[in-house]
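Contents: one structure, followed by commentary.
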Number of protein chains: 2
Amino acid sequence: MSPAKVPAERTATLKDVAEHAGVSPMTVSRALNKPETVSDALRARIDAAIDALGYVQNHVAGALASAGSNVIPVIVPSLSNTVFVEIVAGIQEVAQAAGYQLMLGNTEYDLEREYTAVSTFLGWSPPGMIIAGMRHLDRTRHLLKRWGKPVVETMEFGAQPIDMNVGLSHYKAGEAMAEHLVARGYRQIVFVGCRLDADYRAAQRYKGMDRVLAKHGLARREALSYEEPSNPARGGDALMEVLSMKPKADAIFFANDDLAVGAILRAQREGIAVPKRIAIAGFNGLPFASLVTPALTTIMSPRHEIGRIAAQQLIERISGRTPTKRRVDVSFEMQVREST
Amino acid sequence: MSPAKVPAERTATLKDVAEHAGVSPMTVSRALNKPETVSDALRARIDAAIDALGYVQNHVAGALASAGSNVIPVIVPSLSNTVFVEIVAGIQEVAQAAGYQLMLGNTEYDLEREYTAVSTFLGWSPPGMIIAGMRHLDRTRHLLKRWGKPVVETMEFGAQPIDMNVGLSHYKAGEAMAEHLVARGYRQIVFVGCRLDADYRAAQRYKGMDRVLAKHGLARREALSYEEPSNPARGGDALMEVLSMKPKADAIFFANDDLAVGAILRAQREGIAVPKRIAIAGFNGLPFASLVTPALTTIMSPRHEIGRIAAQQLIERISGRTPTKRRVDVSFEMQVREST
DNA sequence: CGTAGAAATGGTAGCGCAATCATTTCAGGG
DNA sequence: CCCTGAAATGATTGCGCTACCATTTCTACG
């Protein structure tokens, strides 16, 4: 049943190490956690004992005794969207280097599940938490506020964070792209996304766009939202639908680059002139965006950077230092290319 | 400093809940962990007490007392490669549904770091572990074997797993693609990858290809390996380099689809005829692969599925059931399209 | 209505470690 | 060589929970 060939000898404890090295358990504990407070001689003996016994520290016991673990929970709405993965990767990079472990929670865009995840994670006595988004159940906000430890909300930049916040304004991103399209002369602009009810950040980009269209007195339309998750093929199909259903449309602002690149690849295959017949714009700044023909106009969001900064801010606070800012607005960058 | 507005009242413990509900702590523990063993009446009182006190279970203490947590460590070599992320997502899906938490370790393709990660994770008394790849330090293998709990090695299918293994044979995948290219009449085939020393799975695909070329008495060449991590732009550049440096080459087998799609996009932009001037093949089956023109011939690897199965096997074993098989060879699928 | 056996509940002990405070050892000055 | 303060080491205690076993309550049946 178990792969062990070796008889399941009781695993060595810190006490065993202490006896083997002829010191007190407390000294071993210190040698492990604050090596500089133990004399070289003892440290050497202890290290030898650890090797001899194959001792591995029991972090569970450590966390209980010291009422705090080095585990940082990270809660995201999805792992199938590269955007969140890149943020997790950024967090991981910084956190692991600082000696923290990441615990991963996936809410599938469900705020109830988010609450459950937060609640469960609190039971691991983490020193802080990172959570995507700023929309949570009241219960969730209260729980985290009452908890009182550092929390970073990521992805979007918004008002009244639970504690800290690192992200960008999706509303402004939508505005920026709309201004660009309007300046380029496009007048019939359609917004296309997937699951805009759940992906409220994409919806915010739509709202930003809508405001700009209104400001310029241009035709405003409902956003086109598909039920399936974003994927490139969907982007291509959406392009064809827009062309046939709304032939007057002269530009599409896609909720993300997966859709937009999919649309460009489809246009190419179908021989549709982009941007002449219809312009295409995206959001995120995927690597493929600059390589397709025509190259995609998009907005680069610094996902990895958001993750890194979030982790840095959190660790800063965990270590008792005051972070530079509570709220960080990482800026996005318009990348105007051939598709508009 | 802390976001708490509320005075940091001592958090409620299970004992507090017990007193509030007028039962013993043991009963509360049972109500939480095996609700069916507690009478409805008591369970209701206990739930009420939990709500009233805002109690959240301390998993650290639970794990210590029961000498086992519900945390499953997952160790991968990289998070910037979508392949591993998709596996993690598959694992997550199954594990979270079964009530397990994921702890994430990233080795950056460094076997020493892998050892450290394994060792650290063991300290969280996990019920099992999932680790990418089958190449580890001897120390790592010994540690895991001696540990004696379920371990799944993923990504590749190979001989002599530490315990269980779910993956595919990259060697065979390389062979399959080479056979296809040879059958199509290509004779001067180049393998292009990035960091093939670290990414030994890609190197295995090369070896599989090389064997087939040898078998057919065709020209064999060293694989072309770049130092930077895989990215689409590199694929495009590699294509141009091969065309100018090895003008006789009539096909390129890229280590992955990021490179291959990048090459196709570049070919299109430069007006290079694919597959006429040179054929292009990839590996992984990214969504974009079928959408570019010409559509990319590639091999679909069931990443998400690998993750799901790995998690299922692990949980099966954790629950004491014997899994169907110790070793699972998930098969890959040739997707022959326009680029070859 | 009594009794056996099952189901529900409780008391006790200890998981492995670090916080805390007590004690010992050391370095350096008089 | 003693004394003082700092550095190094040790003894004790408890973190919050669950395993284990003991006890009580319920159910079914003669």
Side-chain angles (χ1 to χ4, degrees), chain A residues 8-47 49-50 53-71 99 119-120 122-127, chain B residues 8-47 49-50 53-71 119-127:
Chain A
E9 39 187 304
R10 190 180 59 83
T11 60
T13 71
L14 182 141
K15 202 173 151 196
D16 298 329
V17 174
E19 279 166 13
H20 192 280
V23 299
S24 84
M26 213 35 242
T27 304
V28 178
S29 172
R30 274 190 281 256
L32 253 24
N33 300 314
K34 295 177 192 167
E36 71 280 4
T37 66
V38 174
S39 67
D40 294 347
L42 283 195
R43 193 143 23 88
R45 284 213 331 255
I46 290 169
D47 287 345
I50 287 174
L53 299 176
Y55 170 71
V56 301
Q57 226 179 330
N58 184 328
H59 293 108
V60 176
L64 180 60
S66 63
S69 71
N70 66 343
V71 171
S119 177
T120 303
L122 289 186
W124 285 101
S125 309
Chain B
E9 39 187 304
R10 189 181 61 83
T11 60
T13 70
L14 181 141
K15 203 173 150 196
D16 298 330
V17 174
E19 280 166 13
H20 193 279
V23 298
S24 85
M26 222 23 253
T27 304
V28 178
S29 172
R30 274 191 280 257
L32 253 24
N33 299 313
K34 296 178 192 167
E36 70 281 5
T37 66
V38 173
S39 67
D40 293 347
L42 282 195
R43 193 142 24 88
R45 283 211 334 252
I46 289 169
D47 286 345
I50 287 174
L53 299 176
Y55 169 73
V56 300
Q57 225 179 331
N58 184 327
H59 293 108
V60 175
L64 180 59
S66 65
S69 71
N70 65 344
V71 172
S119 177
T120 304
F121 285 145
L122 289 186
W124 285 102
S125 309

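Chain naming here is simple, since letters A, B, ... match the order of the sequence lines and numbering starts at 1 in each.
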Tell me whether the side-chain N/O atoms of [X] come closer than 4.0 Å to OP1 or OP2 in [N].
X	N	result
Ser29(B)	dT18(D)	yes
Ser24(A)	dT9(D)	no
Ser66(A)	dA18(C)	no
Thr13(B)	dG16(D)	no
Ser39(A)	dT9(D)	yes
Asn58(B)	dC15(D)	no

Residue Val38(B), side-chain heavy atoms: nucleotide from dC17(D), dG10(D), dT9(C) that is nearest: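 Selected nucleotide: dT9(C).
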Considering only heavy side-chain atoms of Met26(A), the closest of dG16(D), dG10(D), dC15(D) is dG10(D)
Matching residue for Val28(B) among Asp16(B), Asn33(B), Leu14(B), Leu42(B) - test: side-chain contact (heavy atoms from CB on, under 4.5 Å):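 So, applying the side-chain contact (heavy atoms from CB on, under 4.5 Å) to Val28(B) and each of Asp16(B), Asn33(B), Leu14(B), Leu42(B), only Leu14(B) qualifies.
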Starting at atom [atom1] of [X], determine the distance to atom [atom2] of [N], rounded to an integer number of angstrom.
X	N	atom1	atom2	answer
Arg43(B)	dA7(C)	CZ	P	16 Å
Leu14(A)	dA18(C)	CG	P	6 Å
Asn33(B)	dG16(D)	CG	P	17 Å
Arg30(B)	dC20(D)	CZ	C1'	10 Å
Lys34(B)	dA8(C)	NZ	C1'	13 Å
Ile46(A)	dA8(D)	CD1	C1'	11 Å
Gln57(B)	dC15(D)	CD	C1'	16 Å
Glu36(A)	dT9(D)	CD	P	13 Å

Please report the interatomic distance CG(Leu32(B)) to CD1(Ile46(B)), rounded to the nearest 0.5 Å. 8.5 Å
Nearest 0.5 Å, please: how far is OG1 in Thr13(B) from OH in Tyr55(B)?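 Interatomic distance, Tyr55(B) OH to Thr13(B) OG1, rounded to 0.5 Å: 7.0 Å.
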Counting N and O atoms only, with roles assigned by atom type, does the side chain of Arg43(B) sit under 3.5 Å from a partner on the main chain of Val38(B), one being a donor and the other an acceptor? yes
Sidechain-backbone polar pair: His59(B) side chain, Thr120(A) backbone, donor-acceptor under 3.5 Å: yes
Which is true for Val60(B) with a 4.0 Å heavy-atom rule: it touches a base, it touches only sugar-phosphate, or it touches nothing? nothing
